[in-house]
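To keep things clear, I will list the structure first and then write my remarks on it.
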Amino acid sequence: MIDKRVRSLAEAVDGIKDGAVILAAGFGGAGSPEALYNALLEQGATDLTIVNNNAGTGRTGLAGLMDAGRVRKIICSYPRSSGSVVFEELYRANKLELELVPQGILSERMRCAAAGLGGFWSPTGVGTRLADGKEEREIDGRRYVLEKPLNGDVALLKADRGDRWGNLTYNKSARNFNPTMAQAAALSVVQVRQFVELGDIDPEHIVTPGIFIDRMVEVPA
Amino acid sequence: MIDKRVRSLAEAVDGIKDGAVILAAGFGGAGSPEALYNALLEQGATDLTIVNNNAGTGRTGLAGLMDAGRVRKIICSYPRSSGSVVFEELYRANKLELELVPQGILSERMRCAAAGLGGFWSPTGVGTRLADGKEEREIDGRRYVLEKPLNGDVALLKADRGDRWGNLTYNKSARNFNPTMAQAAALSVVQVRQFVELGDIDPEHIVTPGIFIDRMVEVPA
Amino acid sequence: MPLSRKQIAWRAAQDLGDGVYVNLGIGLPTLVADVLPENREIVLQSENGVLGVGPAPGDNEIDLDLVNAGKQPVTLLKGGSYVHHTDSFLMIRGQHLDLALLGAFEVAENGDLANWTTDDPKFPPGVGGAMDLAAGAKEVRVLVEHTTRDGTPRLRKKCGYPLTAMQVVKRIYTDLAVIDVTDDGFVVREMVDDIDFDALQAKTEAKLTKAPDLKPLKAPAL
Amino acid sequence: MPLSRKQIAWRAAQDLGDGVYVNLGIGLPTLVADVLPENREIVLQSENGVLGVGPAPGDNEIDLDLVNAGKQPVTLLKGGSYVHHTDSFLMIRGQHLDLALLGAFEVAENGDLANWTTDDPKFPPGVGGAMDLAAGAKEVRVLVEHTTRDGTPRLRKKCGYPLTAMQVVKRIYTDLAVIDVTDDGFVVREMVDDIDFDALQAKTEAKLTKAPDLKPLKAPAL
């Protein structure tokens with residue numbers, strides 16, 4: 001029987017190794033698996049690379065991991081936001097590596113990995129500093145740069161409803177990076193607001209099919 | 001006011017030009033817009049390139065267009081199937097150009113065009129005859145071939161329900177190529193089983209957002 | 001009198017036709033949402049996967065799972081939909097949006113856009129969706145104050161700040177003028193009444209050309 | 001006695017663990033769906049966007065919008081879902097499927113697979129999803145009769161027919177044997193009782209090695 005549900009947050013993040021690349025979902029608070037981030041802090045893995053749109057706010061969640069010195073590198077599109085105090089401290093102290101990636105390319109690079117492709121030619125950023133060092137070529141009269149796949153060891157995700165096969169739905173714009181990150185990691189772990197029975201989600205309405213999910217833990221809103 | 005509904009099949013296919021590249025949805029009968037194919041035959045455009053998984057069966061629909069000499073070229077993954085008599089006749093008589101593309105690459109190339117990318121590196125077909133003439137490169141120890149975007153002048157699509165903004169749902173595996181083709185054509189035309197009021201489709205359940213659709217015609221099942 | 005920020009947004013909004021799909025950048029362009037022309041259906045896209053962004057919610061309607069690119073709570077119009085990030089940027093990069101209305105630090109006379117970093121040494125830069133939008137929308141227009149607070153022109157011969165995208169801007173709405181970016185450089189289409197052309201030129205680094213049918217730039221009190 | 005086609009499918013099905021995601025190729029592999037082990041949840045994927053393919057429908061349940069890769073009507077298991085073609089092949093190409101069970105014209109001792117065209121001059125070739133599956137699944141296994149009807153071996157030193165993918169096949173189920181493709185070539189794991197190893201070798205072009213724990217290949221009457 002397929003049953004991806006686990007009983008605790010500790011079990012959900014068990015085995016995540018030092019040095020792991022973590023695809024961390026969410027756009028601001030929407031779709032952000034705060035309980036999993038906090039559980040990962042408890043779990044103790046360090047030397048992490050975090051892939052997220054931003055770089056944490058406050059002192060909990062992603063910022064908590066950073067504040068505890070667990071994060072070696074951030075790959076994101078927009079590190080600074082109101083409340084990104086931990087990031088700013090570490091960045092100025094040269095204690096954090098930053099790879100800045102345009103938001104759509106961040107997502108597309110993860111999809112590229114998920115789809116088993118070796119890379120893609122992108123028009124985004126051509127002629128800008130963010131294309132420095134990237135291979136460029138002209139295709140049919142337009143300039144493109146080569147972007148590489150970005151895959152994770154672990155994805156930490158948040159969904160609305162989930163069944164034991166790992167089928168998921170999301171709530172409104174909390175969908176954001178979740179479906180693509182689920183596809184792009186070797187181990188995909190999701191906190192869902194509510195476990196439901198197999199068959200309760202109409203097959204037409206499933207956004208992330210269970211094949212992309214490994215572990216689920218229920219965290220009521 | 002946005003209203004993409006048109007009143008007749010003739011209006012739906014109006015203005016499609018000779019020489020157009022037609023992204024023709026469907027996988028067998030499922031999701032295949034037969035009424036639009038027949039309307040296009042009536043409309044008269046010729047010298048067409050058809051992109052479909054197959055190459056028509058029987059003597060109506062896509063096969064009807066081919067039988068009437070309207071099709072110059074087929075881009076597909078699997079031309080021969082039970083009933084593909086018109087295709088076989090034309091192919092043997094050298095009256096039809098065939099470009100054979102692996103099924104997943106066919107779909108991915110359309111998505112590539114839809115996403116504004118210049119091409120992608122694919123592991124599919126490496127070392128086979130279908131990679132002949134394609135640029136090859138090794139990336140991180142694996143061999144890939146370069147695949148180019150495939151975009152259409154027109155997409156002909158079939159959906160289940162649609163509202164006046166062009167938001168669509170599909171029925172079961174009739175979804176197949178429809179969502180990607182809708183994104184990859186300059187003009188996307190869909191026959192829907194049922195027009196519904198704006199707001200009748202839950203925003204979480206919309207599969208193709210209206211931004212990708214230009215014209216809709218109601219064709220009850 | 002120069003236009004207020006809200007009036008700049010209003011002027012840009014007047015050019016939005018019925019049924020257009022538009023992305024509003026963070027900052028000044030966001031104000032456009034509040035001054036959309038009535039009786040037109042204009043579909044606002046937010047890069048985080050919301051198509052059909054509606055007005056700000058009432059206090060009782062706030063859902064923190066429904067936010068815009070600036071992470072402010074929004075609502076969804078009837079007919080709106082949700083997509084994931086990758087699909088949202090497929091829309092953006094694949095020229096499915098009719099228009100991106102963006103803010104800017106500088107615009108060059110060839111349409112180059114600089115709007116993502118001023119290389120402030122105190123802060124690491126952020127790019128967000130700016131480069132995807134600038135490279136991917138069918139058309140890019142900019143809303144920007146004509147000069148910085150200290151009077152430095154933002155409409156330049158060449159951008160001094162790092163570029164966001166090359167040769168993409170087609171029209172600029174400022175507090176003083178509406179300017180098209182053409183093969184011959186900046187062409188002034190509309191200008192506020194209480195400034196003359198030479199004064200406008202003095203506030204602009206690149207050469208301005210007067211459109212044959214130059215019109216007054218007016219906006220209602222807002 | 002050689003296994004029947006249904007028995008070959010049965011033998012391949014025995015190796016499917018609980019919870020595996022599998023794509024069944026057209027032809028012989030399709031028969032696997034009818035002989036799945038009980039008490040295991042095995043998720044069959046169909047390239048046209050069906051995950052969790054169920055048994056064939058009763059006559060009253062046929063929905064022509066719910067078909068498999070061979071365009072035959074199927075059903076959907078509870079827990080199944082629908083995706084579009086591009087997402088379906090993301091699953092396939094991106095190594096999300098544990099296993100692809102495919103048919104073959106020939107398999108070479110280095111794992112090369114030829115299963116898409118015999119270059120029959122009478123018919124144009126079709127490739128369908130064969131190359132995507134062969135290149136993209138985590139593991140590829142082949143179900144095939146050991147020789148053609150006229151006795152020509154299908155397990156070859158090198159494939160004579162055009163390749164589908166290079167060095168991908170890990171295990172082969174035939175009517176006579178279960179054979180692993182290893183760095184040292186074909187290793188026979190199981191063999192039907194009424195043939196000896198030399199006779200099996202005679203029906204195979206490439207060299208066979210006997211596994212240390214060679215077992216009898218048996219299947220129930222089906």
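Worth knowing before you read on, the calculation uses all heavy atoms, side chains too, and leaves out hydrogens, waters and symmetry mates. Residue numbers start from 1 in every chain, and the chains themselves are labelled A, B, ... in the order their sequence lines are given, proteins ahead of strands.
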Hey, is CG on B:D132 packed in by over 12 heavy atoms from elsewhere, all under 6.0 Å? yes
Are there residues of residues 158-183 of chain A that reach to under 4.5 Å of chain B by heavy atoms, and which ones? A:Y170, A:N171, A:K172, A:R175
Expected contact set for residues 203-213 of chain A against chain B at heavy-atom separation under 4.5 Å reads A:E204, A:H205
B:Y78 atom OH, neighbour heavy-atom count above 12 within 6.0 Å: no
Are more than 12 heavy atoms from other residues, nucleotides or ligands located less than 6.0 Å from atom NZ of A:K73? yes
Are there residues of residues 21-39 of chain A whose heavy atoms fall under 4.5 Å of chain B's heavy atoms? If so, which? none
Atom CG of B:L146 and atom CD1 of A:I139: how far apart are they, to the nearest 0.5 Å? 6.5 Å
Which residues from residues 97-118 of chain A are near chain B, with near meaning under 4.5 Å between non-hydrogen atoms? A:E108, A:R111, A:G116, A:L117, A:G118
Around atom NZ of B:K134, are there more than 12 heavy atoms from other residues, nucleotides or ligands closer than 6.0 Å? yes
